[in-house]
Amino acid sequence: MVSVSSAPSDGAPSVFCARAWQVVRSIPRGNVASYGQVAELAGMPRGARQVGRALRLAPDSLPWHRVVTASGRIAFAAHSDAYRRQCARLSEEEVPVIGGRIDMRRFRWQPTLDERLWMLP
DNA sequence: GGTTTGACTCGTA
DNA sequence: CTACGAGCCAAAC
């Protein structure tokens with residue numbers, strides 16, 4: 001009997017977590033995506049909060065800074081260390097955070113049909 | 001088991 | 001524009 005556990009209790013991250021990381025890796029430099037957008041592309045339409053959880057466990061090599069709230073704000077508390085780190089990393093790639101905000105109309109990632117198909121299950 | 005928590009989102013006021 | 005509340009879902013108590 002082979003038991004296949006998808007629970008992260010084995011030490012391995014969940015399937016959704018791995019998918020979310022894959023989506024985040026696909027966000028081009030100079031663009032951002034919202035938590036909800038990443039969730040949807042990863043196959044979980046209402047999983048915005050799970051994306052945040054997945055990113056918390058993510059390696060620093062992952063471009064986690066390209067994920068912001070739907071309104072274009074950084075999800076961390078405005079004066080926290082994490083907030084400043086994300087802000088700095090975004091500015092490094094020409095994504096300005098003005099008034100605590102990113103202009104989603106200009107910087108929101110719009111994946112092509114090909115990119116969507118590549119990521120969906 | 002239930003309750004709380006949080007890197008969320010959306011509608012209303 | 002901000003504030004609040006309800007909905008959301010998995011993890012942690």
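In what follows, chains carry the letters A, B, and so on, assigned in the order in which the sequence lines appear, proteins first and then strands, with residues in each chain numbered from 1. As the structure is a computational prediction, the values presented were derived from the model and not from experiment.
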For atom CG of A:Asp60 and atom P of B:dA7, their distance in whole Å: 17 Å
Interface with DNA chain B, restricted to residues 98-110 of chain A and to heavy atoms under 4.0 Å: none
Pairwise side-chain contact, A:Trp118 with A:Gln22, heavy-atom cut-off 4.5 Å (strictly under): yes
Nearest-Å distance for atom pair CG/P, residues A:Leu55 and B:dC8: 10 Å
Heavy-atom closest contact (A:Gln37 atom, A:Val32 atom, distance): OE1-O, 4.4 Å
Within residues 58-74 of chain A or reaching into it, pairs that qualify as salt bridge (Lys or Arg N to Asp or Glu O under 4.0 Å) - sequence neighbours excluded: A:Asp60-A:Arg89, A:Arg66-A:Glu93
Donor-acceptor contact present, side-chain A:Gln50 to main-chain A:Ala20, <3.5 Å: no
Whole-Å gap separating C1' (C:dA10) and CG (A:Leu57): 12 Å
Interatomic distance, A:Arg53 CZ vs C:dA12 P [rounded to whole Å]: 8 Å
Sugar-phosphate only, base, or nothing, as touched by A:Arg56 at under 4.0 Å among non-hydrogen atoms: base
Heavy-atom closest pair, residues A:Ala48 and A:Tyr35: O-CB, 3.8 Å
Separation of the P atoms in B:dA7 and C:dG7, to the nearest angstrom: 22 Å
Audit row: A:Cys87, A:Ile74, side-chain contact (heavy atoms from CB on, under 4.5 Å) steps and yes/no: CA-CA 8 Å; A:Cys87 203; A:Ile74 287 174; 4.2 Å; yes
Donor-acceptor pair, side chain of A:Trp64 and main chain of A:Ala58, under 3.5 angstrom: no
Report all side-chain donor-acceptor pairs from residues 76-83 of chain A shorter than 3.5 Å, counting only partners two or more places apart or in another chain.
residue	atom	partner	partner atom	Å
A:Ser80	OG	A:Ala77	O	2.7
A:Ser80	OG	A:Tyr83	N	3.2

Distance, rounded to the nearest Å, where A:Phe16 contributes CZ and B:dA7 contributes P: 15 Å
Side chain proximity check, A:Leu62 to A:Leu55, heavy atoms < 4.5 angstrom: yes
For DNA chain C, the residues among residues 81-93 of chain A that have a non-hydrogen atom under 4.0 Å from it: none
Please list each protein N or O that sits under 3.5 Å from an N or O in nucleotides 9-11 of chain B, with the distance.
residue	atom	partner	partner atom	Å
B:dT9	OP1	A:Tyr35	N	3.3
B:dT9	OP1	A:Gly36	N	2.9
B:dT9	OP2	A:Ala70	N	2.9

Donor-acceptor pair, side chain of A:Glu115 and main chain of A:Thr112, under 3.5 angstrom: yes
Which residues share a side chain to side chain contact (heavy atoms under 4.5 Å, CB included) with A:Ser61, sequence neighbours left out: A:Pro59
Distance, rounded to the nearest Å, where A:Glu40 contributes CD and C:dC9 contributes C1': 16 Å
